[in-house]
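Values below: all heavy atoms of this structure, side chains included; hydrogens, waters and symmetry mates excluded.
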Amino acid sequence: MQNPTLDLQIQTLPDGPGVYQYYDKDGKILYVGKAKNLKKRVSSYFNKIHDTAKTNVLVKKIVTIKHIVVPTETDALLLENNLIKTLQPRYNVLLRDDKSYPWICIKKEPFSRIFATRRMVKDGSEYFGPYTSFKTVNTILELIKELYPLRTCNYDLSASNIDSGKFKVCLEYHIGNCKGPCEGYESLENYQKQVDAIREILKGNFKESMKDFKRVMIDLAQDMHFEEAQKIKEKIEVLENYQSRSTIVNPKITNIDVFSIVSDEAAAYVNFLQISHGSIIRSHTMEIKKKLEETDEELLELAIIELRERFQLLSREIIVPFLVDLGENLKVTVPQLGDKRQILDLSIRNAKFYRIEQLKQLQIVDPDRHTNRIMAQMQKDLRLPVEPRHIECFDNSNIQGTNPVAACVVFKDGKPSKKDYRHFNIKTVEGPDDFASMEEVVYRRYKRLLDEKQPLPNLIIIDGGKGQLSSALKSLDALELRGKIAIIGIAKRLEELFYPGDSIPLYLDKKSETLKVIQQLRNEAHRFGITHHRDKRSKAALNSSIESIPGIGEKTMLSLIQHFKSVKRLKLASEKDITEVVGLSKAKKIVDFYNNNKA
């Protein structure tokens with residue numbers, strides 16, 4: 001029998017790329033893996049018997065699953081490598097060595113060499129990457145070689161050595177791959193311009209270089225060297241598709257702790273990433289329950305102190321989304337751009353995902369608490385005097401002015417209460433007039449509730465802008481309900497909410513749960529209204545068609561409507577099918593009528 005809490009953890013995993021970590025009952029790490037889709041990959045461990053005994057033993061030991069969400073699959077691969085080397089999990093064998101991913105180095109020297117390496121030497125040289133395969137590295141270096149003739153020798157090209165004629169040009173010069181800086185045939189200034197262009201390519205900014213690439217390609221094509229032009233075209237495509245570098249490992253960011261916070265009414269979620277020698281080696285997210293109206297700043301300060309103590313963090317710099325006061329001994333950075341900003345965004349992303357998972361788990365385990373939280377959030381977002389436990393939403397449907405109908409859908413505690421849904425056939429309005437129809441329907445609905453002493457809703461939502469809202473308000477005024485029930489209108493674009501007497505609409509965050517409930521209400525009202533409208537139209541068409549058949553009365557007509565639903569289906573039905581519904585003699589009359597009236 002699978003552990004129910006483990007089941008809950010798997011159910012609420014995200015569907016994106018990331019790295020998962022399995023822990024045993026003592027909190028010891030068992031295994032680190034990467035996934036394109038975390039939920040699918042982790043689930044696959046638990047829904048079958050595995051071929052190897054080792055995997056089956058591993059699965060039995062798993063008690064806790066932790067994960068880190070990353071933007072791409074490449075990032076997941078790099079992060080998995082970092083974590084396996086740092087944490088040395090018992091069941092990982094493949095990446096335990098100290099072999100690292102390849103980088104591209106721009107050497108700090110006159111006439112810089114550019115080459116691939118697995119070793120990073122701290123001599124002021126620049127390193128770009130890491131790359132997940134040498135194939136990508138070689139493609140980039142080949143492309144650079146095609147565009148920029150750089151030296152491949154390892155001579156010390158100092159000004160004095162060149163002036164003294166110490167070196168002679170080699171074959172690379174004679175075949176056009178190098179411009180001969182060793183004999184002074186190329187100036188340092190011109191060479192460094194090429195290095196600057198290559199640096200931009202490696203950073204992912206190849207707009208300028210792309211012009212050079214295309215120029216080379218066009219020149220080759222004009223000189224009838226189509227094969228070489230095609231090769232450069234293919235390499236340009238590879239370069240356009242290649243991801244310039246990863247956030248997961250960056251040699252410029254060394255020994256820094258990153259903290260971010262995401263909060264709602266009840267709790268805050270703080271994510272922490274530990275960066276050591278340019279690599280993420282730890283990620284942890286914690287939940288802090290709010291007791292009073294604590295600010296995010298206060299909560300983040302408390303969390304940072306707690307986490308630094310718990311994990312014995314000694315770094316002298318921290319990255320945070322806003323300034324916090326942690327004394328003078330700690331450098332606090334609030335990045336706006338660049339690599340540090342990217343790593344902060346990754347931390348925020350993990351905090352957001354953790355919050356979503358916790359809320360999903362709460363919804364499964366304690367649905368009442370989940371409902372209470374959403375109701376409190378809606379009351380706050382929509383500025384209501386009470387929680388909207390009972391909401392009613394109205395929608396008009398009159399397609400091309402025929403059979404005008406309206407729908408009222410009812411949500412209780414944030415969920416559809418289908419037994420309370422109501423359809424309205426418009427009685428007093430001639431032709432398509434949405435405003436008058438809305439006025440009639442709202443009046444009829446609440447007049448009836450008042451007469452029957454039924455409970456009134458906490459919130460009415462009108463599908464439409466200011467016009468429909470003011471029509472509905474006329475009915476509330478007539479029933480003396482103005483001010484007793486909150487009422488808002490939703491414009492068609494869905495983000496705009498209109499309030500009585502306020503010309504400026506309220507805009508809700510597109511990701512907010514309040515907007516999701518309102519969207520669900522609006523869609524449900526629309527669906528319910530359209531279905532009724534279609535039924536009414538097809539019944540009207542069927543009625544008028546059947547009424548003209550001699551010898552067919554109202555009772556038979558109703559039976560046919562209920563069974564065949566449309567005139568088209570009745571016309572296509574066989575005599576045998578109709579006989580089963582209304583008997584042989586009436587079926588014969590119907591079939592004869594349609595056969596004689598064929599166009």
Side-chain angles (χ1 to χ4, degrees), residues 71-75 77-78 101-118 125-155 157 162 167-247 250:
T72 66
E73 213 181 338
T74 306
D75 288 338
L77 178 63
L78 295 164
Y101 283 103
W103 302 78
I104 292 177
C105 173
I106 299 181
K107 194 75 177 162
K108 189 183 182 188
E109 60 188 0
F111 300 96
S112 306
R113 283 171 296 148
I114 296 172
F115 54 89
T117 179
R118 285 190 190 273
S125 298
E126 291 175 81
Y127 291 87
F128 295 86
Y131 300 91
T132 42
S133 75
F134 250 112
K135 189 180 173 191
T136 312
V137 171
N138 290 334
T139 305
I140 295 160
L141 290 175
E142 273 180 43
L143 183 67
I144 287 166
K145 197 174 165 187
E146 292 267 7
L147 292 158
Y148 303 108
L150 301 178
R151 71 177 181 122
T152 52
C153 61
N154 56 4
Y155 296 149
L157 296 187
I162 294 168
F167 310 115
K168 290 278 177 263
V169 290
C170 62
L171 180 65
E172 289 289 296
Y173 170 77
H174 293 294
I175 60 175
N177 287 344
C178 174
K179 288 187 177 170
C182 56
E183 283 197 47
Y185 297 150
E186 183 177 24
S187 70
L188 180 60
E189 186 191 357
N190 187 53
Y191 190 97
Q192 287 309 127
K193 266 186 195 169
Q194 296 185 116
V195 172
D196 292 342
I198 292 163
R199 186 180 290 109
E200 290 305 302
I201 293 172
L202 294 172
K203 282 182 180 176
N205 309 327
F206 30 83
K207 197 175 175 182
E208 284 305 310
S209 299
M210 203 54 88
K211 289 177 189 170
D212 293 343
F213 304 166
K214 285 176 180 164
R215 180 180 45 74
V216 172
M217 187 173 72
I218 290 161
D219 289 348
L220 285 166
Q222 282 173 347
D223 293 341
M224 305 293 180
H225 299 307
F226 297 120
E227 283 183 20
E228 290 92 331
Q230 177 60 26
K231 278 177 193 167
I232 289 201
K233 183 172 181 281
E234 284 165 11
K235 286 176 179 172
I236 289 169
E237 283 165 6
V238 169
L239 192 59
E240 281 174 335
N241 294 330
Y242 120 88
Q243 187 187 5
S244 61
R245 60 195 161 154
S246 168
T247 315
N250 194 318

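Between Trp103 atom CH2 and Tyr127 atom OH the span is 10.0 Å, to the nearest 0.5 Å. The CD1 atom of Ile198 lies 10.0 Å from the CD atom of Gln192; values are rounded to the nearest 0.5 Å. Note that CD1 of Ile104 is 11.0 Å distant from CZ of Phe115, once rounded to the nearest 0.5 Å. In this structure, CD on Glu126 lies 9.5 Å from CD1 on Ile114, to the nearest 0.5 angstrom. Annotation: the span from Lys107 atom NZ to Asn154 atom CG amounts to 10.5 Å, rounded to 0.5 Å.
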Got a list of side-chain donor-acceptor pairs under 3.5 Å for residues 218-225, not counting sequence neighbours?
none

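Although no hydrogens or angles enter the test, the distance criterion places a donor-acceptor pair under 3.5 Å between the side chain of Arg151 and the main chain of Phe111. At distances below 3.5 Å, not a single donor-acceptor pair connects side-chain atoms of Tyr185 with backbone N or O atoms of Cys178. The closest donor-acceptor contact from the side chain of Glu109 to the backbone of Arg113 lies under 3.5 Å.
Applying the side chain to side chain donor-acceptor pair (under 3.5 Å) rule to Thr117 yields no partners; only residues at least two apart in sequence or on another chain are considered. Shown here are the side-chain contact (heavy atoms from CB on, under 4.5 Å) partners of Cys170, two or more places apart in sequence or in another chain: Glu172.
At least one side-chain heavy atom of Lys233 sits less than 4.5 Å from a side-chain heavy atom of Gln230. Side-chain contact between Lys168 and Glu183: present, with at least one pair of heavy atoms (C-beta onward) separated by less than 4.5 Å.
The two residues Tyr191 and Ser112 make their nearest non-hydrogen contact at OH-O, 3.0 Å. In terms of heavy atoms, Val169 sits closest to Gly180 at CG1-CA, 4.0 Å. The shortest non-hydrogen separation linking Leu157 to Ile162 is O-CD1, 3.8 Å. Residues Gly176 and Pro149 share a closest heavy-atom pair of O-CB, 4.2 Å.
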Original post:
Under the side chain to side chain contact (heavy atoms under 4.5 Å, CB included) criterion, do Thr152 and Asn177 qualify, and how do the steps go?
Top reply: CA-CA 9 Å; Thr152 52; Asn177 287 344; over 6 Å; no
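At a threshold of 4.0 Å, the pair Arg199-Asp196 counts as salt-bridged, since one of the basic side-chain nitrogens sits closer than that to a carboxylate oxygen.
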